[in-house]
Colleague: 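Got a structure here, written out as structure tokens. Questions coming.
Below, read A as the first sequence line, B as the second, and so on, with proteins coming before strands; counting in each chain starts at 1. Computed from a prediction, not measured in an experiment: that's the story for all the values here.
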Amino acid sequence: MKVGVIAYQGSFEEHALQLKRAFDALSIQGEIVAVKRPSELSQVDGIIIPGGESTTIGIVAQKLGVLDVLKEKISQGLPVMGTCAGSIMLAKEVTDAKVGKKSQPLLGVMDATVVRNYYGRQRESFEAVLDFSVIGGGKAKVVFIRAPAITKVWGRTKELLSFGESKVMVQEDNMLATTFHPELSGTTAVHEYFLSMIKK
Amino acid sequence: MRLYSLSYSEIEEFFYKLAEFKDVLKDNNLLTFTPELQKDIPEVSEGTVRVKHAFPIFQKGGVVMDVTNVEQAKIAEEAGATAVMVLDKLPYDVRKAGGVARMADPKIVEEVMNSITIPVMAKVRIGHYYEAKVLEALGVDMIDESEVLTPADEEHHINKWEFKVPFVNGARNLGEALRRITEGTSMIRTKGEPGTGNVSEAVKHMKLMNSEIKSLVFMEEEDRVKKAREYQVPYQLVELVAKLRRLPIVNFAAGGIATPADAALMMWLGSDGIFVGSGIFKSQDPLERAKAVVLATANWEYPEIVLEAQKMISEQKSMMGIDIKTLKPEELLQVRGL
């Protein structure tokens, strides 16, 4: 199994390590591929879009022609996990809590509304304990960094986890989105769940 | 893509265990020194070390650009910067103007915060606890305790554990970097020689730090104890660096970066990302240059993409730059705050 990580910017190294740990936990012979160019996309069985700045990731991915290829692959069923900025990239509707609508290059494939910087700025960023029993994990501490929130889902998108008034983990068929950072947590539950989506 | 031996949560666990140890001593009246961390934190909490150390992770592979107004901040955002740093004057102008350089006008910082979606950072003078408190109250995303401004305290840096907002500090070598981490900073950047458009000092600092880390890895334990004393930091932190073979927090390059190739060079040397000061808005092609530096930083492993980025700019439009050798010792900014 080959899993790609979009590796321009953000928590891509953290995702790669967490992915390696998840492979070990599930005894899967897996390979991790850094994806920066369209050619690297053709080899992967699943793809992770890490946390970072969604504007930066979108601009660079568009410039190198990765965005269009990725969009097509996802709509053909390629399993994808987007965390934080990744969830913004996936959502069909994106606004900013303060600045409002902004045009930025996105994938726009998931039936969900995401509000950027929902909780505020870095000062309002926080850690919280989430219960991952819905995907077969335990309780774990996770961080929300200038996090977005998934405020609305429709169509085939289903909520997996919520925190307060918003959804923090949702799934639409082959697409998984989280607004927190499983790659910075002490649990591999989310990555293991994503690998199970690839196997199917 | 680098794979490290410890995950983020394991590194954070290390910092919390150190704090817990101090708390135990304090509970037994064996320590009067105020502990740096709180051990019993509620399930949901803001501004913890885990939250502060996480912020710069999402800057990795990115470019933070110095800006002086809203217009420049919008250009930076449009070009794909991961954050902007708001200053009163660009380092090049600080150098020319002389006098006392202080934190930027909070009104301008606030205007920038309200007009873009990416994080906003601002600089405070070394040791100026209250400029930092003011910026924290304003709500900037990260504070740069910077040698570009005139130091307010010649002896001490700010105790950064006391803040909810993460800090970034400059360092010329491993000792400086580890001392800043001990003071609670969340991110390190090389000092370079700011405002010169000359990358040579940043290269020197990054290479020195790399070789110092390498020598720690192959050192006997007793020599690491000696190193910890030399660096004036806890021995445990030195051990962590040796185990990780890198700094335990994010490490950027700064000071004199002016072109896409400069940025790629620093990434190749092991930087996690780039700060560009005067390099962009002191050039004559800021938007194109900003886009090019972003592209080169994110794709530094591919010379053909860096080439494409380098073609987007014109060398005739680069800032003139200053040869470091022509600067008098008292004109160097990097020697501030050791």
Side-chain angles (χ1 to χ4, degrees), chain A residues 5 7-14 16-18 20-21 32-34 36-37 50-61 63-64 84-85 96-99 102 104 116-117 119-129 140-146 163-164 181 183-188, chain B residues 1-10 12-13 41-48 50-55 57-63 77-83 113-120 136-142 164-166 272-273 291 294-295 297-299 301-302 305 308:
Chain A
V5 182
Y8 303 119
Q9 195 271 312
S11 56
F12 53 93
E13 289 167 339
E14 286 70 18
L17 182 56
Q18 205 77 325
K20 181 171 169 276
R21 302 256 169 111
I32 301 156
V33 187
K36 293 194 176 188
R37 299 181 291 186
E53 282 304 317
S54 58
T55 46
T56 308
I57 297 172
I59 287 167
V60 178
K63 171 96 185 162
L64 296 177
C84 196
D96 185 275
K98 187 137 196 181
V99 184
K102 274 234 165 181
Q104 62 180 104
R116 287 184 67 188
N117 303 322
Y119 303 95
R121 310 191 69 93
Q122 173 60 22
R123 197 177 52 183
E124 286 80 44
S125 295
F126 58 96
E127 59 179 69
V129 175
K141 191 170 269 182
V142 295
V143 290
F144 291 78
I145 305 298
R146 285 175 52 96
F163 177 81
H181 293 288
E183 73 278 18
L184 299 194
S185 75
T187 178
T188 51
Chain B
M1 199 157 47
R2 312 175 192 110
L3 274 184
Y4 300 111
S5 55
L6 296 176
S7 72
Y8 179 81
S9 85
E10 286 162 342
E12 289 310 300
E13 234 9 79
I41 42 178
E43 280 210 347
V44 178
S45 41
E46 297 173 351
T48 60
R50 204 185 300 272
V51 168
K52 289 194 290 179
H53 282 178
F55 171 77
I57 300 272
F58 305 104
Q59 294 290 314
K60 283 172 33 167
V63 183
E77 183 183 39
E78 189 192 331
T82 49
M113 283 164 59
N114 290 334
S115 59
I116 56 174
T117 62
I118 57 176
V120 176
E136 183 179 49
L138 184 61
V140 299
D141 296 292
M142 180 169 246
K164 279 193 159 189
V165 170
D272 291 318
K291 283 182 179 169
V294 168
L295 188 65
T297 304
N299 297 285
E301 302 101 318
Y302 303 111
I305 300 180
E308 197 188 319

Colleague: What part of B:A81 lies closer than 4.5 angstrom to a heavy atom of chain A: side chain, backbone, both or neither?
Modeller: backbone

Colleague: Which bit of B:I305 is near chain A, if near means a heavy-atom gap under 4.5 Å: side chain, backbone, both or neither?
Modeller: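 It is the side chain, since no backbone atom gets that close.
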
Colleague: Short question: side chain of A:T56, backbone of B:G80 - any donor-acceptor pair under 3.5 Å?
Modeller: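 Side chain of A:T56 to backbone of B:G80, a donor-acceptor pair under 3.5 Å: yes, one is there.
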
Colleague: So which residue, B:T82, B:N114, B:V165, ends up with the most heavy-atom pairs under 4.5 Å with chain A?
Modeller: B:T82

Colleague: Could you look at A:R146 and say if it's the side chain, the backbone, both or neither that has a heavy atom under 4.5 Å from chain B?
Modeller: side chain

Colleague: In terms of heavy-atom pairs under 4.5 Å with chain B, which of A:K20, A:R37, A:E183 leads?
Modeller: A:R37

Colleague: Relative to chain A, which segment of B:Y302 carries a heavy atom at a distance below 4.5 Å: side chain, backbone, both, or neither?
Modeller: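 The side chain, not the backbone.
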
Colleague: Is chain B contacted by the side chain of A:V129, its backbone, both, or neither, given a heavy-atom distance below 4.5 Å?
Modeller: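 Both parts, backbone and side chain.
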
Colleague: Go through the steps to decide whether A:L64 and B:N299 satisfy the test side-chain contact (heavy atoms from CB on, under 4.5 Å), and finish with yes or no.
Modeller: CA-CA 10 Å; A:L64 296 177; B:N299 297 285; 3.3 Å; yes

Colleague: Mind checking what makes ring pair (Phe, Tyr, Trp, His ring centres under 6.0 Å) contact with A:F126, not counting sequence neighbours?
Modeller: A:Y119, A:F144, A:F163

Colleague: Heavy-atom cut-off 4.5 Å, strictly under: side chain, backbone, both or neither for A:R116 against chain B?
Modeller: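 Side chain only.
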
Colleague: Can you tell which of B:G139, B:A54, B:S5 has the highest number of heavy-atom pairs within less than 4.5 Å of chain A?
Modeller: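 It is B:G139.
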
Colleague: Tell me, for B:L3 versus chain A, whether the close heavy atoms (under 4.5 Å) come from the side chain, the backbone, both or neither.
Modeller: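 Just the side chain, heavy atoms under 4.5 Å.
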
Colleague: Search all heavy atoms of A:F12 against all heavy atoms of B:M1 and return the closest pair with its distance.
Modeller: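 Shortest heavy-atom contact: CD1-SD, 3.6 Å.
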
Colleague: For residues A:R21 and B:S7, determine if any side-chain heavy atom of one lies less than 4.5 Å from a side-chain heavy atom of the other.
Modeller: yes

Colleague: I'd like to verify something: which residue of A:E124, A:K63, A:K36, A:Q18 has the highest number of heavy-atom pairs under 4.5 Å with chain B?
Modeller: A:K36

Colleague: Sort A:I57 into side chain, backbone, both or neither according to what part of it lies under 4.5 angstrom from a heavy atom of chain B.
Modeller: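 No part of A:I57 comes within 4.5 Å of chain B.
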
Colleague: When heavy-atom pairs shorter than 4.5 Å are enumerated against chain A, which of B:E13, B:E77, B:E12, B:E78 gives the highest number?
Modeller: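 Max contact count across the listed options: B:E77.
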
Colleague: Among B:M142, B:K291, B:E301, which has the most heavy-atom pairs under 4.5 Å with chain A?
Modeller: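 Of B:M142, B:K291, B:E301, B:E301 has the most heavy-atom pairs under 4.5 Å with chain A.
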
Colleague: Would you say the side-chain atoms of A:Y8 pair up with the backbone N or O of A:G58, donor to acceptor, closer than 3.5 Å?
Modeller: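 Checking the backbone N and O of A:G58 against the side chain of A:Y8, no donor-acceptor pair under 3.5 Å is found.
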
Colleague: Should B:D141 and B:F55 be marked as a side-chain contact (heavy atoms from CB on, under 4.5 Å) after you check the CA-CA gap, both sets of side-chain angles, and the distance that decides it?
Modeller: CA-CA 9 Å; B:D141 296 292; B:F55 171 77; 4.0 Å; yes

Colleague: Report yes if the side chains of A:V142 and A:L184 come closer than 4.5 Å at any heavy-atom pair, otherwise no.
Modeller: no

Colleague: Search all heavy atoms of A:E14 against all heavy atoms of B:Y8 and return the closest pair with its distance.
Modeller: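 Scanning both residues, the minimum pair turns out to be CG-CB, 4.5 Å.
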
Colleague: Measure A:S11 against the heavy atoms of chain B and call it side chain, backbone, both or neither at under 4.5 Å.
Modeller: both

Colleague: Once rounded to the nearest 0.5 Å, what's the spacing between atom CD of B:E136 and atom CZ of A:R123?
Modeller: 7.5 Å

Colleague: In terms of heavy-atom pairs under 4.5 Å with chain A, which of B:E10, B:K164, B:K52 leads?
Modeller: B:E10

Colleague: Between A:I145 and chain B, with a heavy-atom cut-off of 4.5 Å, which part of the residue counts as in contact: side chain, backbone, both or neither?
Modeller: side chain

Colleague: To the nearest 0.5 Å, what is the distance between CD (A:E127) and CD (B:E46)?
Modeller: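 Atom-to-atom, A:E127:CD and B:E46:CD are 10.5 Å apart.
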
Colleague: For a quick test of reading the model, state the closest non-hydrogen atom pair linking A:V60 to B:L295 and the distance between them.
Modeller: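 Smallest interatomic distance, heavy atoms only, reads CG1-CD1, 4.2 Å.
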
Colleague: For chain B, which of A:H181, A:K98, A:Q104 has the most heavy-atom pairs under 4.5 Å?
Modeller: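 The candidate making the most pairs under 4.5 Å is A:H181.
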
Colleague: Sort B:V120 into side chain, backbone, both or neither according to what part of it lies under 4.5 angstrom from a heavy atom of chain A.
Modeller: both

